[in-house]
Protein chains: 2
Amino acid sequence: MCALRMPQADGRLPLYARLRDQLASRIANGEWSPGDTIPSENRLAEEYGVALATMRMALKQLVDEGLLERRRGTGTFVKQPAFRADLFRFFHVYDADDPDGSVIPESRILSRHEVETPDEVRLAFGESNTTRCLKLERVRLWSGEPMLFEEVYLRLPDFEGLLALDPKDMGPLLYPVFLQEFGILITSATDELSFGTATQASARHLELPANSPVAVIERIARDPVGRIIEYRRVHGRPERFRYRVTLGEQHA
Amino acid sequence: MCALRMPQADGRLPLYARLRDQLASRIANGEWSPGDTIPSENRLAEEYGVALATMRMALKQLVDEGLLERRRGTGTFVKQPAFRADLFRFFHVYDADDPDGSVIPESRILSRHEVETPDEVRLAFGESNTTRCLKLERVRLWSGEPMLFEEVYLRLPDFEGLLALDPKDMGPLLYPVFLQEFGILITSATDELSFGTATQASARHLELPANSPVAVIERIARDPVGRIIEYRRVHGRPERFRYRVTLGEQHA
DNA sequence: GTCAACCAGTTCTCTAGAGAACTAGACTTA
DNA sequence: TAAGTCTAGTTCTCTAGAGAACTGGTTGAC
């Protein structure tokens, strides 16, 4: 706690940002589970020994990021994970037959290995990268049918331990794993959508003929400092593909 | 100004939200132009007779919405309009040959008239709507070639005056017009992307064969209170279509 | 038993202000 | 001229607290 009180004399993040990260890990740790009421802003401010407004700044950020939900007169709650993590934490890809997007897709990890960083990925990562990185291939299925094929590239010194992890422990969403296992919090991401043709690999896993048209999502995800953590290329079956995103204040 | 000081005893928005709207109109009015430095938070707080923190809340929202940019030690600036208004204010559609998305598309309004509200639009608008609405058709061109065909539906009592407006006065972007002419500020929007086939109209205006595959964007845009202001359906040529969106903190 | 009134606890709005971090420009000094 | 120093002005961080708005439960009157 004492370390938190120090002003950011060193190159550290400001107090409210460190509080935000602290609270995020308490969620990732499982100390507070989805649906739980977390302590009131008063109690939290007291517990960490900070001013109320400072704690509110930290909480506000977590609300903006979709981890928490606050209800006046009632309390602060951890959001249900369905649409707040991984692809869904920021954006929303879903099946055309499921207009609410309430079905959580099944997730199958196909492979994980260290590879030479492809040129287009290196370009996205920027100069400050190594020549090798981790590649993870995955398929997402809606009611048994393959809908998305994902190739995920991760920085290598940081994610070394991922190869040792049992896929069974990982669940359908990646970003909670990043936080829990490696202490890396994703707070911003850019998606770029376009249309292209399937590669050999994506055609095979999506059960499409070669060179079929597919939806393409390219994602760059960053941590709070702006460091690029992940580059992801997603191919999706076009006929049932839906992608939804809301900017600005969220309304029911 | 006095009206601003009143607590929201009536059903009004909180003070900081009204300040945000006030500042937004001063930008829309042209009192502050893109690139300008606006008065310091101290001066603004004094001018409106509110506390510094309250003014900061208003400014923060406008920064989040992309209207303003703040630089510590320097000041607060009105952002260049290219990527902060209309389709671009929230999202980013651009040409595949123009990776920065720096080219501003030409905009041609094809028609404006009152129509019976189509069923799918009524569904989006929700129950609280009239049976008639305003429809606006438009084409966007990148370097002379048609890329997007837009059908925009607007609430009718609110936008009655739009029919009288000269298209020459409207410029390439709609939301500034909404604010300037009708006092309506768009603060949130949801886009939904999918793939479909061209309609007769969209095929004609995009110069595509009938039933060609197209990219489809459906948008619902809301005002600060959450009222649905606009429903928009966009068809785009798929081969050069790119759509970009960033959530979370913006990094260079 | 039902309904209204009250109450404790929560988040939200707004105020007031101090000091740190940072920038651009003016000024000084070698 | 060039380089360093200072200063006024800006945003950013953090503190302290009061009152409003709202919720869920308890209490009390009838």
Side-chain angles (χ1 to χ4, degrees), chain A residues 1-23 32 36-64 67-79 224-225 249-250, chain B residues 1-23 32 36-64 67-79 224-225 249-250:
Chain A
M1 300 302 135
C2 286
L4 275 178
R5 294 291 340 252
M6 283 166 41
Q8 68 281 32
D10 44 5
R12 303 269 300 287
L13 291 170
L15 181 51
Y16 71 88
R18 279 173 284 155
L19 287 170
R20 173 201 61 194
D21 295 351
Q22 286 267 330
L23 298 176
W32 301 324
D36 282 3
T37 307
I38 76 171
S40 74
E41 53 184 31
N42 263 306
R43 297 184 59 80
L44 283 174
E46 196 179 1
E47 175 182 340
Y48 284 97
V50 302
L52 197 59
T54 305
M55 183 52 73
R56 297 196 89 256
M57 271 196 271
L59 290 168
K60 170 110 174 41
Q61 289 219 349
L62 292 171
V63 169
D64 289 346
L67 284 168
L68 294 178
E69 187 186 346
R70 316 194 75 190
R71 285 202 284 276
R72 151 134 64 167
T74 308
T76 304
F77 305 86
V78 180
K79 262 208 184 172
V225 200
E249 307 159 28
Q250 240 78 350
Chain B
M1 300 304 134
C2 285
L4 273 180
R5 296 288 342 247
M6 283 168 40
Q8 69 280 35
D10 44 5
R12 304 270 299 288
L13 291 169
L15 181 51
Y16 70 88
R18 279 173 284 153
L19 287 171
R20 172 201 61 196
D21 295 352
Q22 287 268 328
L23 298 176
W32 300 324
D36 281 4
T37 308
I38 75 171
S40 74
E41 54 184 30
N42 263 306
R43 296 185 59 81
L44 283 173
E46 197 180 359
E47 175 183 339
Y48 283 97
V50 302
L52 196 60
T54 306
M55 182 53 72
R56 297 195 90 257
M57 270 197 271
L59 290 167
K60 170 109 173 41
Q61 289 219 350
L62 291 171
V63 169
D64 288 346
L67 284 168
L68 293 178
E69 188 186 345
R70 316 195 75 191
R71 285 204 285 275
R72 152 136 62 170
T74 309
T76 303
F77 305 86
V78 181
K79 263 208 184 171
V225 200
E249 308 159 27
Q250 241 78 351

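Chain letters run A, B, ... following the sequence lines, proteins first and then strands; every chain starts at 1.
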Discussion item. Run the side chain to side chain contact (heavy atoms under 4.5 Å, CB included) test against E46(B) and tell me which residues pass, sequence neighbours left out.
Written reply: none
Response to the item:
Between the CD1 atom in I38(B) and the CG atom in L59(B), the distance rounded to the nearest 0.5 Å is 5.5 Å
Worksheet item: Do R70(A) and R56(A) touch side chain to side chain, with heavy atoms closer than 4.5 Å?
Response: yes
Worksheet item: If each of T74(A) and T74(B) is mapped to the nucleotide of DNA chain D with the nearest heavy atom, which maps nearer the 5' terminus, i.e. the 5' end?
Response: T74(B)
Discussion item. Checking contacts here: which listed nucleotide (dT15(D), dA21(D), dT11(D)) is nearest the side-chain heavy atoms of R72(A)?
Written reply: dA21(D)
Worksheet item: Is the phosphate of dC12(C), meaning OP1 or OP2, less than 4.0 Å from a side-chain N or O of R56(A)?
Response: yes
Worksheet item: Of the nucleotides dT13(C), dT11(D), dT15(D), which one has an atom closest to the side chain of T76(B)?
Response: dT11(D)
Worksheet entry | Spacing between F77(A) atom CZ and dT11(C) atom C1', to the nearest angstrom | 11 Å
Worksheet item: About how many Å separate CD of E69(B) and OG1 of T37(B), when rounded to the nearest 0.5 Å?
Response: 10.5 Å
Discussion item. Return the CZ to CG distance between R18(B) and D21(B), rounded to the nearest 0.5 Å.
Written reply: 9.5 Å
Worksheet, complete the sentence: From CE of M55(A) across to C1' of dG17(D) the rounded distance in Å is 17 Å
Discussion item. From OH of Y48(A) over to P of dC14(D), roughly how many Å is that when rounded to an integer?
Written reply: 15 Å
Worksheet item: Are side-chain heavy atoms of V78(B) and L68(B) found at a separation under 4.5 Å?
Response: yes
Fill in: Sorted by number, the residues of residues 39-46 of chain A with heavy-atom contact under 4.0 Å to DNA chain D
none
Worksheet item: In Å, rounded to the nearest 0.5 Å, how long is the span from CD of E47(A) to CG of N42(A)?
Response: 12.5 Å
Discussion item. When you compare the side chain of V63(A) with that of K60(A), does any pair of heavy atoms fall below 4.5 Å?
Written reply: no
Worksheet item: Between atom CG in L68(B) and atom C1' in dT11(D), what is the gap in whole Å?
Response: 13 Å
Discussion item. A side-chain contact here means heavy atoms from C-beta on lying under 4.5 Å apart; do L23(B) and W32(B) qualify?
Written reply: yes
Response to the item:
Of L52(A) and A17(A), the one whose nearest nucleotide on DNA chain D sits closer to the 5' end is A17(A)
Practice prompt. Could you check how far NZ of K60(A) sits from C1' of dT13(C), rounded to whole Å?
Written response: 14 Å
Worksheet item: What integer distance in Å separates R18(B):CZ from dC12(C):C1'?
Response: 14 Å
Tabulate atom names and distances for all N/O pairs under 3.5 angstrom spanning the protein and nucleotides 3-6 of chain D.
none

Worksheet item: Under 4.0 Å: is that the gap between some side-chain N or O of Y16(B) and OP1 or OP2 of dC14(C)?
Response: no
Worksheet item: So which nucleotide from dC14(D), dT15(C), dT11(C) ends up closest to the side chain of A51(B)?
Response: dT15(C)
Response to the item:
Among dC14(D), dA20(D), dC12(D), the one nearest any side-chain atom of R70(B) is dC12(D)
Item to complete: Return no unless some side-chain N or O of R71(A) is found under 4.0 Å from OP1 or OP2 of dT10(C).
Response: no
Discussion item. Can you measure L13(B) atom CG to dA21(D) atom P for me and round it to whole angstrom units?
Written reply: 14 Å
Worksheet item: If you look at every heavy atom in P39(B) and L44(B), which pair is closest and at what distance?
Response: O-CD1, 3.6 Å
Worksheet entry | Spacing between M57(A) atom CE and dA16(D) atom C1', to the nearest angstrom | 13 Å
